[in-house]
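To find a chain, count down the sequence lines: A is the first, B the second, and so on, and within it residues start at 1.
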Number of protein chains: 2
Amino acid sequence: MTSVLVIDDDALLLRALQINLSAREYQVSTASDGRSGLAAMARERPDVVIVDLGLPDIDGTDVIQGIRGWSSAPIIVLSARGQENQKVDALDAGADDYVTKPFGINELLARLRAATRRAAAPSDDEPAVATEDFTVDLVAKRVVLASGADVRLTPTEWQLLEVLARNRGRLVTGRQLLHDVWGPAYGTETHYLRVYMAQLRRKLEPDPARPRYLLTEPGMGYRMSGD
Amino acid sequence: MTSVLVIDDDALLLRALQINLSAREYQVSTASDGRSGLAAMARERPDVVIVDLGLPDIDGTDVIQGIRGWSSAPIIVLSARGQENQKVDALDAGADDYVTKPFGINELLARLRAATRRAAAPSDDEPAVATEDFTVDLVAKRVVLASGADVRLTPTEWQLLEVLARNRGRLVTGRQLLHDVWGPAYGTETHYLRVYMAQLRRKLEPDPARPRYLLTEPGMGYRMSGD
DNA sequence: GGCAGGCGTAAAGAAATCGTCAAGGCGTCA
DNA sequence: TGACGCCTTGACGATTTCTTTACGCCTGCC
């Protein structure tokens with residue numbers, strides 16, 4: 001059974017999630033502030049964590065960093081509207097995905113499933129990431145289309161694809177992509193991303209104008225879809 | 001049981017790794033600075049070493065060189081964000097792999113497995129690598145053309161071909177080729193590669209100007225094709 | 001409707017990388 | 001000593017990639 005820790009200061013929301021998730025065979029534990037959340041995290045070792053960004057005592061980003069210091073459990077962030085910057089910070093700090101309040105329970109459940117599925121896979125050591133239309137071989141540094149044809153990628157294209165593939169299913173912020181591919185000094189030059197994402201799509205997507213794998217999350221970043 | 005030595009000045013991280021790796025049947029010893037790390041290295045003779053780049057007393061690259069002076073145990077480097085340059089230096093100095101902090105325990109475990117696997121099976125998976133036009137006999141250290149004629153290779157040409165053949169289908173970076181053939185100090189002298197690749201192609205390729213086996217991946221490295 | 005901001009696409013000049021030829025150095029061996 | 005093989009180094013054109021500019025599209029907002 002999958003265990004979930006929810007950290008949020010809204011008692012009503014906690015209760016609602018407890019009921020809804022328990023009914024879906026999740027084992028739920030809760031905490032109402034950052035301090036007790038981190039304590040519960042160490043105590044319970046949950047499979048997934050859901051964290052609200054607007055905690056009373058500790059900044060949500062710091063909570064995420066505190067968790068990421070020693071755990072790789074998937075983290076899903078809850079945020080109110082208008083907290084765009086905090087959302088990006090949270091993702092940069094190591095969160096996997098985010099949901100904006102108010103949200104439907106179905107959306108959260110979908111994110112939960114995606115997160116646990118990803119964590120269950122041996123993830124790294126995984127020599128290749130495969131989709132229906134192409135396979136990214138992370139060891140051989142090769143991309144093969146379903147037709148069997150090799151795709152020639154330039155070094156930058158490859159690095160970009162590698163970051164997205166290693167984080168498949170999770171949202172990667174533009175800042176993180178720029179940092180990992182171009183280096184620490186390129187925090188805001190999002191133009192590169194647009195150019196190179198277009199090139200990757202042209203080479204990999206069946207219909208580059210309507211991407212199926214290399215998805216844009218407006219205002220946030222990019223994501224390689226999990227399917 | 002595989003023994004691991006972890007050299008890092010972060011006491012929390014040491015403790016976390018000790019717990020996590022011990023649970024996975026690794027025998028863990030630790031050191032919190034470069035000096036005691038090198039001492040522990042000589043004392044314990046671990047199968048794998050994990051080294052942090054930001055040690056308080058000795059530069060991480062120097063620690064790696066100190067180890068590489070007399071041991072060929074796999075070295076995995078830990079580096080914080082923004083230490084890109086040091087990472088490259090560390091690989092040039094002889095490190096085998098690197099992990100960027102913060103990292104998940106699963107990622108580290110995967111790298112550990114990969115490192116020990118590589119070290120355990122240094123060679124002899126395949127006694128020979130054959131193509132339609134020539135055969136590379138890795139045991140006899142010979143190359144025979146389809147016509148039956150022997151190809152005379154110089155020692156350097158042979159070493160280069162051997163690395164490519166053992167990694168057939170996989171992309172091998174210029175740095176790795178230089179490291180394996182010319183030694184750790186030749187991290188950027190890509191000129192050698194160009195000269196020797198041309199010579200190999202002249203001797204092995206049916207049409208050296210349009211290589212079929214010894215392929216260039218511009219900006220990334222070389223690859224011996226899988227066909 | 002008009003406007004601003006974020007995103008996608010195409011194309012051209014600048015910069016880096018690669019292939020090739022050839023000359024020089026160094027050691028070995030007759 | 002001289003010939004030979006091998007490694008190193010230099011030079012230069014050809015090719016590939018990176019960066020930058022320009023423009024069109026869409027969405028949300030006034």
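Residue A:Arg201 places at least one side-chain N or O under 4.0 Å from the OP1 or OP2 atom of C:dG8. In terms of phosphate contacts, B:Thr216 brings no side-chain nitrogen or oxygen within less than 4.0 Å of OP1 or OP2 of C:dT17.
Inter-residue side-chain proximity for A:Val181 and A:Tyr186 is flagged as unmet; no heavy-atom pair is nearer than 4.5 Å.
Residues A:Ala95 and A:Ile64 approach most closely at N-CG2, 3.9 Å, considering heavy atoms. Summarising the geometry of A:Val49 relative to A:Val51, their closest heavy-atom pair is CG1-CG2, 3.7 Å, with the distance given to 0.1 Å. Across all their heavy atoms, A:Leu21 and A:Leu112 have their closest contact at CD2-CD1, 3.7 Å. B:Gln159 and B:Asp180 make their closest contact through OE1-O, 4.0 Å (heavy atoms, listed as atom of the first residue, atom of the second, distance).
Separating the CG atom of A:Leu193 from the C1' atom of C:dC7 is a distance of 11 Å, rounded to the nearest angstrom. With rounding to whole Å, A:Arg202 atom CZ is found 8 Å from C:dT9 atom P. Rounded to whole angstrom, the span from the CG atom of B:Asp207 across to the C1' atom of C:dG19 amounts to 14 Å. Regarding A:Leu200, its CG atom lies at a distance of 12 Å from the P atom of C:dT9, rounded to whole Å. Atom pair B:Met220:CE and C:dC18:C1' shows a separation of 15 Å (rounding to whole Å applied).
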Under 4.0 Å protein heavy-atom contact, by nucleotide of nucleotides 24-30 of chain C - B base, S sugar-phosphate only: -------
Which letters describe nucleotides 5-16 of chain D, given B = protein heavy atom under 4.0 Å from base, S = only from sugar-phosphate, - = neither? -SBBBBB----S
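Using modelled atom types, one finds a donor on one side chain and an acceptor on the other under 3.5 Å when comparing A:Thr100 with A:Lys87. A donor and an acceptor atom, one from each side chain of A:Thr2 and A:Asp47, are nowhere located under 3.5 Å apart.
Judged purely by atom type and a 3.5 angstrom limit, A:Arg223 has no side-chain atom pairing as donor or acceptor with the backbone of A:Asp97.
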